[in-house]
Number of protein chains: 2
Amino acid sequence: MAGLPSDPNLRPKIAVDAVVLSFSGREFQTYLVQPRDISATGKWACPGGLVKVSETLDDAARRELSAAGLAADTYLEQLFTFGNPSRDPGAHVVSVAYLTLLASQRQSSTPAEKYTRGSWFGVAALPELAYDHSMMVRLGLARVQAKLGYTNIARNLLPHSFSFSDLESLYSCSLGRPLDRRNFRRRIMAMGILRRVPALRRGNHRPAQLYRFLKRTPQTVQIL
Amino acid sequence: MAGLPSDPNLRPKIAVDAVVLSFSGREFQTYLVQPRDISATGKWACPGGLVKVSETLDDAARRELSAAGLAADTYLEQLFTFGNPSRDPGAHVVSVAYLTLLASQRQSSTPAEKYTRGSWFGVAALPELAYDHSMMVRLGLARVQAKLGYTNIARNLLPHSFSFSDLESLYSCSLGRPLDRRNFRRRIMAMGILRRVPALRRGNHRPAQLYRFLKRTPQTVQIL
DNA sequence: CCAAAAGTGTTGGCTCTACACCCATGA
DNA sequence: TCATGGGTGTAGAGCCAACACTTTTGG
């Protein structure tokens, strides 16, 4: 097969893009940036860029997260690799999409020079996205929603300690329907993946008992 | 942040590799080839090769399946993208691993010149594999086993029509434990994903009623 | 007639869901 | 004292797992 001269310029380039998700307490949000080189289009994009030689894909993803002004020590998971030759009009760029989860919106620094700005958007009302990034965000969201059902991935979307109501809002938002508080609590408790922390959250109302996840490593358990 | 000259030669190359699985009736098997360029090592590998510019990843995978002497009109699903710089000692090659399922061992033609030979192996006793292909096969197998539990993916591992016992062997082999025939049949039947075909399979013993999957498209249903 | 695979129901235990009221706090 | 979110138990229904014998065929 193939007889074309193997000019390296004729190979597809390879990039990583990160779908950055967090949960605000009321909705899922995603962090988007405006790349300087396409800022004329007004489109937003997921943080991302080309992979360097001798660099791990994960490393590339973390490097791009830093460049976007985000913490890089986050949960990171490969989502899907997009290779449609026409996904980037400029050149054939194969992109490995990553999913990353942030507990709070702890946006550390300001984005690097390659971006004009960055901002959080509710996933229900996204702006127009460049390339196939809209598909990536949808896929990332679907993955999180699925994994909430059978893993302890929630720990990456919540602060270190949280109330049962926090956890319930997350699940209820993910499922798009209300949950029965008693049944939800019983079920989660029965799994033994949470630990009471000796603290209450005080607010305008009755204080809430706080919990944290027992294991900080990814764990598969049937939750829903 | 990189300041290296962006010499295209310094970009990782991109390849696809296909984990080819089938079910013999007693065990899962995978199809491996011996690439001519590493035949001295005696190692086997999954069919695969570099992606061409302006080619879809799926197209590349199907092209490589053909080159390995397999039918290309098979179930194909992206598995994972392996990008460790040291996975190929020769150069930094990022590989998009695919999973493909074959109903019977319908190996059509003989492999292209790039391979010295191809052969099926039971997954329990694999030869030594090149690169990180052993990990790929394990991952592919795990994916199939998981998906048997919540999709109709079994249709891609069985012939067009099959007996209930065939289906049961597949599941029982996938789970690594015997299944209760009555419970299994009731459960599958209740889902309405099968259709009786007006034919029996005759053999040395009592003839078996044959069935086929109602939908030929991928479908998510809770099976186990 | 024998060996081997195909086919078929019932029951008890367990899990899941539905459901409503009181409590603690700050304002 | 009121508004707001936090916390708690039970009962009925449905689901699931365990379990063994008869049938059909070819040799």
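Note on naming: letters A, B, ... go to the chains in the order of the sequence lines (proteins, then strands), and numbering restarts at 1 for each one.
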Chain A reaches DNA chain D, atoms under 4.0 Å from its heavy atoms, from D/dT4 to D/dT10
Just grab all the ring-ring contact (aromatic ring centres under 6.0 Å, His included) pairs involving residues 168-197 of chain B, residues at least two apart or on different chains. B/Y171-B/F184
By nearest-nucleotide position on DNA chain D, the 5'-leaning member of A/P207 and B/R202 is A/P207
Separation between OG of A/S161 and CG of A/L194, rounded to the nearest 0.5 Å: 11.5 Å
For the atom pair CZ (B/R62) and OG1 (B/T56), what is the distance rounded to the nearest 0.5 Å? 10.5 Å
Is there a donor-acceptor contact under 3.5 Å linking the side chains of A/T81 and B/T81? yes
Of A/L200 and B/A208, whose closest DNA chain C nucleotide lies nearer the 5' terminus? B/A208
Without hydrogens or angle criteria, can the side chains of A/N183 and A/R186 be said to hold a donor-acceptor pair below 3.5 Å? yes
Whole-Å distance separating the CZ atom of B/F164 from the C1' atom of C/dT8: 12 Å
For B/F162 and C/dA6, give me the distance from atom CZ to atom P, rounded to whole Å. 14 Å
Does the side chain of A/S163 pick up a donor-acceptor pair with the side chain of A/R201 at under 3.5 Å? yes
Under 4.5 Å between any side-chain heavy atoms of A/R196 and A/L210, yes or no? no
Could you tell me if the ring centre of B/F213 sits under 6.0 Å from that of B/F162? yes
One character per nucleotide, please: for nucleotides 13-23 of chain C, 5' to 3', B when the base has a protein heavy atom closer than 4.0 Å, S when only the sugar-phosphate does, - otherwise. ----BBBB--B
For the pair made of CG in B/D166 and C1' in C/dA6, what is the distance, rounded to whole Å? 12 Å
